[in-house]
Chemist: 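First, the structure itself, so that you have it in front of you.
Predicted model, so just to flag it, every value in this text is computed and none were measured. So you know, we letter chains A, B, ... as the sequences are listed, proteins then strands, and number each from 1. In what follows, every heavy atom counts, from backbone to side chain, and hydrogens, waters and symmetry copies are set aside.
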2 protein chains.
Amino acid sequence: MKKVTISDIARKLNMTASTVSRALANNTRVSESTRAKVQVTAREMGYQPNVMAASLRKGTSDSIGMIVPRINRHFFSNVISGVEEILNPAGYNLVIIQSGEMLSREVKAVESLLQNRVGGIIISLSLQTNSFEHLQEVIKHNVPLVQFDRVTKSLPGSKITNDNYTGGYLATRHLIKCGFKHIAHFSGSYKLRAYRERKAGYIAALEEAGMKVDEKLIVDDVITRDAGYSHIHKLVMRTSADAVFCAGDYSALGAMEGLKSLGYHIPDQFGIVGFANEPFSELMDPALSSVEQNALEMGNKVAAAMIKAIQKEEVPEEEVIPVRFIGRSSSWKDYR
Amino acid sequence: MKKVTISDIARKLNMTASTVSRALANNTRVSESTRAKVQVTAREMGYQPNVMAASLRKGTSDSIGMIVPRINRHFFSNVISGVEEILNPAGYNLVIIQSGEMLSREVKAVESLLQNRVGGIIISLSLQTNSFEHLQEVIKHNVPLVQFDRVTKSLPGSKITNDNYTGGYLATRHLIKCGFKHIAHFSGSYKLRAYRERKAGYIAALEEAGMKVDEKLIVDDVITRDAGYSHIHKLVMRTSADAVFCAGDYSALGAMEGLKSLGYHIPDQFGIVGFANEPFSELMDPALSSVEQNALEMGNKVAAAMIKAIQKEEVPEEEVIPVRFIGRSSSWKDYR
DNA sequence: GTTTTGTGTGCAAACGATTGTATTTTTGTA
DNA sequence: TACAAAAATACAATCGTTTGCACACAAAAC
């Protein structure tokens with residue numbers, strides 16, 4: 001209703017707006033005593049700074065934009081929490097936008113954030129994203145860009161990723177140790193580095209164990225529950241696979257359901273390991289072994305990188321967050 | 001880097017900023033031809049409107065703030081998606097803030113949103129929220145307020161809630177029809193209307209069936225997995241309960257685990273129904289019967305109410321979203 | 001041929017803060 | 001007491017839009 005401005009405060013205190021502004025900013029150019037006086041009256045009068053005015057003048061705001069494919073994914077919502085943990089206490093606030101895995105919406109999101117003159121943009125690319133002009137625009141406008149999880153090397157700025165390679169390696173090594181002989185791999189789209197890396201880890205583990213890599217056991221673009229269900233049928237029909245490392249828990253879930261429907265006993269007859277450790281994974285029957293990504297830590301790192309970038313400090317180009325393998329009963333056979 | 005302003009466009013076209021501004025806004029006071037000319041040049045020059053300047057002048061922005069307890073809850077993230085579905089096409093953008101179930105953070109969030117001069121605030125109250133001064137402030141500033149799910153009647157404005165009463169009623173009636181005789185209820189905090197209503201539905205179903213309501217079978221503040229686990233033990237030790245309607249899926253999960261650990265067979269010896277239909281519920285073994293809330297529709301309704309409120313149209317004070325009971329094997333015994 | 005009406009533009013004042021520069025006041029020192 | 005140096009405050013421009021009002025110039029009405 002009645003909005004108090006610095007001029008109102010100035011008038012009441014018989015000084016100018018500039019002094020009030022500096023007093024509120026705790027600038028040493030105004031005396032200790034007036035600073036105190038101003039701050040008290042500001043509170044008394046219920047002064048609420050007008051962020052828009054300040055940002056307009058300063059040319060940048062203390063909001064930071066964050067674009068994620070979707071927030072109802074366990075991983076992403078936890079990264080968001082991790083980012084907030086650091087950003088909020090530092091006086092920034094987060095504007096979250098979902099791209100819904102669509103390039104068009106990602107482009108719009110970037111545009112909107114730029115128009116809002118955010119201090120920086122944090123992004124995990126949508127599955128559709130194959131062109132980066134919208135992000136070049138971010139760079140061109142001199143707005144710090146921090147990428148995480150789904151990143152592209154073709155852009156400057158910090159990139160924070162999971163240690164997908166090690167995750168794939170650990171998962172596969174575990175299956176090997178459990179005595180499985182023909183370990184298949186359900187991967188995602190090879191367009192995404194994350195999936196390529198998980199696969200590389202899988203292959204490395206096989207080779208380390210002296211097992212041969214059978215291309216027939218490797219299927220890409222199997223990330224949904226449905227895909228897992230249907231592909232596991234094909235797999236057991238056409239190959240001698242006795243275990244599968246899925247690049248995601250959803251396809252692992254589908255695979256498990258498929259195997260159950262075929263009467264397989266897990267893990268005795270077939271071993272399964274997933275990736276991401278979704279909340280449901282430990283609740284499945286049998287509980288699903290998976291690779292846990294430290295989303296919270298990733299969020300913290302992302303936020304820290306952003307703050308550094310804003311303050312024009314040196315930022316690490318690439319940072320890799322370690323993962324953790326969690327063995328559960330979907331694979332635990334002969335493990336010694 | 002080089003930011004184009006309306007004055008730049010004006011200079012290039014030999015007109016004034018005011019004309020450009022009106023042309024871009026498609027104001028009929030400027031001729032069709034100049035409007036076209038301006039819009040073309042604006043695009044050519046890569047003009048990005050400065051939202052802050054516009055908002056400063058207009059006194060309000062086209063951002064809408066949304067405060068939720070936490071986004072990593074299935075229900076909340078889906079409400080958010082539902083809100084975005086409506087708000088984004090309408091030209092608004094959402095600023096999401098998590099309160100983390102803490103009043104202090106909720107207060108800060110409101111403050112920050114007001115300082116950013118958002119066009120409206122959407123909120124689902126934190127569990128801690130027992131004072132509403134911060135929200136009175138919103139009203140006082142004439143900023144539209146829309147509440148959902150966790151609402152308080154003590155504030156004006158739209159309130160969109162789930163039909164918790166019917167949910168509780170349907171869940172309990174189902175257990176009755178399945179032949180269970182001593183149906184317990186794990187509720188949440190009675191401070192929340194949602195839990196009081198679910199309980200009321202539970203009682204109504206019992207009474208309708210001529211079954212007596214036994215206070216010993218009703219336990220409040222059991223919403224977590226751990227609480228469900230420990231309280232189910234007490235329940236089977238001290239009472240003759242043979243089924244439980246849990247006001248949340250997490251406590252239902254805990255209860256199921258507790259019962260399994262005691263060697264109970266579900267649903268033959270004990271029936272369980274949850275509430276919320278979390279993603280994991282259908283994956284449990286046995287799959288958990290639950291009450292599904294239509295989060296997406298709720299989000300749509302919330303957004304629609306907000307837009308109406310912004311446009312100063314009449315808004316419904318209270319709106320109730322229907323729920324749907326989903327029967328699964330955790331309760332399906334004698335159902336005819 | 002003057003007055004009315006209507007178009008399309010331009011002028012200039014906001015909006016509320018920040019900040020470089022100028023001015024006043026205070027302080028310290030000779 | 002005088003006078004420079006330092007400290008505190010005031011002045012004024014600026015950020016990029018929006019918008020009420022004034023103005024020019026046309027076409028229409030009298």
Side-chain angles (χ1 to χ4, degrees), chain A residues 1-39 41-42 45-63 91 114-119 141-143, chain B residues 1-39 41-42 45-63 91 112 114-119 141-142:
Chain A
M1 197 111 260
K2 34 101 196 254
K3 25 195 167 178
V4 184
T5 72
I6 51 168
S7 315
D8 296 331
I9 303 178
R11 206 168 308 121
K12 185 157 198 170
L13 258 44
N14 266 326
M15 44 176 104
T16 59
S18 41
T19 308
V20 173
S21 173
R22 285 191 251 258
L24 289 171
N26 249 316
N27 189 315
T28 48
R29 270 177 58 184
V30 358
S31 69
E32 192 92 39
S33 59
T34 36
R35 252 186 284 168
K37 224 184 307 175
V38 168
Q39 288 174 10
T41 359
M45 298 177 68
Y47 169 70
Q48 296 262 65
N50 187 322
V51 175
M52 331 237 69
S55 311
L56 173 58
R57 176 61 229 255
K58 293 196 288 198
T60 178
S61 77
D62 51 5
S63 300
L114 286 181
Q115 290 181 1
N116 276 281
R117 302 295 189 270
V118 291
H141 280 72
N142 236 358
V143 173
Chain B
M1 199 111 262
K2 33 100 193 260
K3 24 195 167 179
V4 185
T5 72
I6 51 168
S7 314
D8 295 332
I9 302 178
R11 205 168 309 122
K12 185 157 199 170
L13 258 44
N14 266 328
M15 44 177 105
T16 59
S18 38
T19 308
V20 174
S21 172
R22 285 190 256 257
L24 290 171
N26 250 314
N27 189 315
T28 48
R29 271 177 58 186
V30 359
S31 69
E32 192 91 43
S33 59
T34 36
R35 252 186 285 168
K37 222 184 309 173
V38 168
Q39 287 174 11
T41 354
M45 298 177 68
Y47 169 69
Q48 296 263 64
N50 187 321
V51 176
M52 330 237 69
S55 311
L56 173 59
R57 175 61 228 252
K58 293 196 288 198
T60 178
S61 77
D62 51 5
S63 299
S112 158
L114 287 181
Q115 290 181 0
N116 277 281
R117 301 296 189 268
V118 290
H141 281 71
N142 236 357

Chemist: How many angstroms lie between CG in B:Leu56 and CG in A:Asn50, if you round to the nearest 0.5 Å?
Modeler: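 Nearest 0.5 Å value for the CG-CG distance: 6.0 Å.
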
Chemist: Between residues 47-55 of chain A and DNA chain C, which residues have a heavy-atom gap below 4.0 Å?
Modeler: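 Under 4.0 Å from DNA chain C: A:Tyr47, A:Pro49, A:Asn50, A:Ala53, A:Ala54.
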
Chemist: Side chain of A:Arg22, base of C:dG20: donor and acceptor closer than 3.5 Å?
Modeler: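 Present.
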
Chemist: Distance-only, no hydrogens or angles: does the B:Gln48 side chain make a donor-acceptor pair with backbone N or O of B:Lys3 under 3.5 Å?
Modeler: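 No, because the side chain of B:Gln48 does not come within donor-acceptor range (under 3.5 Å) of the backbone of B:Lys3.
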
Chemist: Has A:Thr19 got a side-chain N or O lying under 4.0 Å from the OP1 or OP2 atom of D:dT9?
Modeler: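 No.
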
Chemist: Taking 4.0 Å as the cut-off, does a side-chain nitrogen or oxygen of A:Thr5 come that near to OP1 or OP2 on C:dG16?
Modeler: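 Result: no.
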
Chemist: Rounded to whole angstroms, how far apart are NZ on A:Lys58 and P on D:dG16?
Modeler: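 Checked: the NZ to P distance equals 15 Å.
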
Chemist: Do the side-chain N or O atoms of B:Ser31 get closer than 4.0 angstrom to the phosphate oxygens (OP1, OP2) of C:dT9?
Modeler: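 So the side-chain polar atoms of B:Ser31 do come within 4.0 Å of the phosphate oxygens OP1 or OP2 of C:dT9, strictly under.
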
Chemist: Any donor and acceptor pair, going by atom type alone, linking the side chain of A:Asn116 with main-chain N or O of A:Val118 inside 3.5 Å?
Modeler: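 Not at all, since once roles are kept as given, no pair shorter than 3.5 Å links the two residues.
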
Chemist: Applying a 4.0 Å non-hydrogen cut-off, can you work out what A:Asn27 is touching in the nucleic acid: base, sugar-phosphate, or nothing?
Modeler: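 Counting heavy atoms under 4.0 Å across all strands, no contact is made by A:Asn27.
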
Chemist: Specify the separation, in whole Å, of atom NZ of A:Lys3 and atom C1' of C:dC15.
Modeler: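 From A:Lys3 NZ to C:dC15 C1': 9 Å.
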
Chemist: If you pin B:Ser33 and A:Ser21 to their nearest nucleotides in DNA chain C, which one's is more 5'?
Modeler: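 The residue whose closest nucleotide sits nearer the 5' end is B:Ser33.
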
Chemist: Between atom CD in B:Gln115 and atom P in C:dC15, what is the gap in whole Å?
Modeler: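 So the CD-P distance, B:Gln115 to C:dC15, works out to 19 Å.
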
Chemist: Please give, in whole Å, the distance from D:dA8 P to A:Glu32 CD?
Modeler: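 Roughly 9 Å, once rounded to whole Å.
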
Chemist: Measure CG/A:Asp8 against P/C:dC15 and give the value in whole Å, please.
Modeler: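 Going from CG in A:Asp8 over to P in C:dC15 covers 10 Å.
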
Chemist: For a side-chain contact (heavy atoms from CB on, under 4.5 Å) with A:Tyr47, tell me which candidate from A:Asp8, A:Leu24, A:Val38, A:Val20 qualifies.
Modeler: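 Exactly one pass, corresponding to A:Leu24.
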
Chemist: What is the separation between atom CG on B:Asn116 and atom P on C:dA17, rounded to the nearest whole Å?
Modeler: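 My rounded result for the distance is 13 Å.
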
Chemist: Starting at CG of B:Leu56 and ending at P of D:dG16, how long is that distance when rounded to a whole Å?
Modeler: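 Interatomic distance, CG of B:Leu56 to P of D:dG16: 12 Å.
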
Chemist: Which sits closer to the 5' end of DNA chain D, A:Val30 or A:Ala17, going by the nucleotide each is nearest to?
Modeler: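 The residue mapped nearer the 5' terminus is A:Val30.
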
Chemist: What's the spacing between B:Glu32 CD and B:Thr34 OG1 if we round to 0.5 Å?
Modeler: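 So the CD of B:Glu32 and the OG1 of B:Thr34 are separated by 9.0 Å.
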
Chemist: For a side-chain contact (heavy atoms from CB on, under 4.5 Å) check, start with the C-alpha distance between B:Arg117 and A:Val51, then their side-chain angles and the critical distance, and finish with the verdict.
Modeler: CA-CA 8 Å; B:Arg117 301 296 189 268; A:Val51 175; over 6 Å; no

Chemist: Side-chain N or O of A:Thr34 versus OP1/OP2 of D:dT9: is the shortest distance under 4.0 Å?
Modeler: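 True: A:Thr34 side-chain N/O within range (under 4.0 Å) of D:dT9 OP1/OP2.
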
Chemist: Counting the atoms with a prime plus P, OP1 and OP2 as sugar-phosphate, which does B:Asn14 contact under 4.0 Å by heavy atoms, base, sugar-phosphate, or nothing?
Modeler: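 Sugar-phosphate: the residue B:Asn14, judged by heavy atoms under 4.0 Å, touches backbone atoms but no base.
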
Chemist: If you measure from CZ on A:Arg22 to CZ on A:Arg29, what distance do you get to the nearest 0.5 Å?
Modeler: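 One finds 4.0 Å between CZ of A:Arg22 and CZ of A:Arg29.
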
Chemist: For A:Leu13 and D:dT9, give me the distance from atom CG to atom C1', rounded to whole Å.
Modeler: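 For the pair A:Leu13 CG and D:dT9 C1', the rounded distance is 13 Å.
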
Chemist: State, without any angle test, whether B:Thr16 and B:Thr19 hold a side-chain donor-acceptor pair at a distance under 3.5 Å.
Modeler: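 Yes, a side-chain donor-acceptor pair sits under 3.5 Å.
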
Chemist: Under the 3.5 Å rule, do the base of C:dT21 and the side chain of A:Arg29 count as making a donor-acceptor pair?
Modeler: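 Under the 3.5 Å cut-off, the side chain and the base do form a donor-acceptor pair.
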
